[in-house]
Amino acid sequence: TDIFESPDFYEIDDLLTDEHKLIRQSVRDFVKKEISPIIEDACQRAVFPEHLVKKMGEMGIFGPTIPQEYGAGGLDYISYGLMMQEIERGDSGMRSTASVQGSLVMFPIYAFGSEDQRHKYLPKLASGDFLGCFGLTEPDFGSNPSGMKTNLKDMGDHFLLNGSKMWISNAPKADIAVVWAKNEQGRVKGVIAERGMEGFSTPEIHGKWSLRASCTGELVFDNVKIPKENILPNIDGLKGPLKCLDNARYGIAWGALGAAMDCYDSARRYALERIQFDKPIASFQLIQKKLAEMLTEITKAQLVCWRLGMLKNAGKASSAQISLAKRNNVEIALNIAREARQIHGGMGITGEYPIMRHMMNLESVVTYEGTQDIHLLILGKEITGIQAFV
Ligand code: FAD
């Protein structure tokens, strides 16, 4: 009885290949079988469902656009987007795990790593044998990562890594961390830190009201010896982490759409079933207005995602285009979650329905990977040529 109906008001499915639809269906089935039944409890108890990492790996959800020779999927960006949409329909925290692993850990190792690093890490990350995390944000440097204090000192046969990273998804459970740090010349470099290295710890951040099924932590480096072969050789400067973020933000644009669809679907069905004043509440104009606006925004966001995916496939998507999609889609998803919460009345605040969980999750999604306002200012710079955020 609980069949998810993906709104497709503009027949956007016509723009997808049979392979895309097959991939979407298989991830949708996976979410229904493995994520939806356990996620409410995991969030209520704030437990990361660690067993799903291996299962997501088996489903090919990690780094699906990375070539098959590294154990990954070799798929296009529409496939990747559809996967993120379906996972986040389940839960934004699970999608965060997938985004970090694929776009923020596997992508930089593939794009900036040596052939040895690619072969050493990518197959294990793709399969979920390894969990990775991405350390850019610091306690004093969030929106402005260029100010980072974490630093690398060249000791001849190795580097010494010192500093700390904050708000790092997957950190407490991660086997490896892609860490961005400044060298002695002040240039941002990427290094791979491995769990077990002396002086490296990953304390967990507790008490979140959002992304409760995702584990978040700090990365603390106290004179950690990083072997020279662990530096990412083919990147220099802040554009390294920013390129990773472009990829992850692209996935988030699709993911937020998935959360929005789930809220819409739940609200539509609840409105048809819930009787007040002897009628289904769906018969009241104010409820219809909410539903009509949800469908309108979902349809627009679907078209943005599809077109952006085609631009990504052609290697043409700009950072500003990605900012527009991430900002718009997370904002509409959050608004849809809030309106859906109202349609569910008191029931909307309980774990009987996914609404409140999506809503609270989206409060992180709207802040991480560039806040709403920072993406707005990126667009402002694109339009005017004037950078307003420094
Ligand atoms: P701040 O940068 O302090 O911003 C505070 C407010 O000021 C915001 O509203 C912001 O828009 C505004 N502001 C800042 N500068 C300007 C300006 N110039 N003009 C106008 N307004 C401005 N980071 C990682 O590196 N890896 C991760 O895996 C990761 N996972 C995360 C998971 C969660 C659950 C959360 C909450 C965060 C995560 N982050 C991660 C960090 C995230 O990217 C940062 O929180 C985000 O970049 C914002 O930084 P901040 O929290 O320090 O806020």
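Order of appearance sets the numbers: ligands from 1, and atoms from 1 within every ligand. Bear in mind that the values here come from a model prediction, so they are computed numbers and not experimental data. Keep in mind that the numbers below use all heavy atoms, side chains included, and drop hydrogens, waters and symmetry copies.
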Heteroatom proximity flag, W167 to ligand 1, N/O under 3.5 Å = yes
Heavy-atom nearest pair, C133 first then V100, reads CA-CG1, 3.8 Å
Numbering as shown, the atoms of ligand 1 that approach F389 to under 4.0 Å (heavy-atom distance) = 18 (N)
Report, in ascending order of atom number, the atoms of ligand 1 lying under 4.0 Å from any heavy atom of Y368.
-> 31 (C), 32 (C), 33 (C), 37 (C), 38 (C), 42 (C), 43 (O)
Ligand 1 contact on D373 by region, counting heavy-atom pairs under 4.0 Å | side chain
Among V188, I231, L160, find the residue that satisfies the side-chain contact (heavy atoms from CB on, under 4.5 Å) test when tested with L152.
-> I231
Nearest heavy atom to atom 24 (C) of ligand 1 wins, so pick from V390, T137, V100.
-> T137
Here the atoms of ligand 1 under 4.0 Å from any heavy atom belonging to L377 are 19 (N), 20 (C)
Identify which of T371, L376, T97 has a heavy atom lying nearest to atom 48 (C) of ligand 1.
-> T371
Where the closest heavy atom to atom 50 (P) of ligand 1 is concerned, which of G142, G135, S210, C133 has it?
-> G142
Do K243 and F107 meet the cation-pi criteria used here (NZ or CZ under 6.0 Å from the six-membered ring centre, within 45° of the axis)?
-> no
Sub-4.0 Å protein heavy atom next to atom 31 (C) of ligand 1 = yes
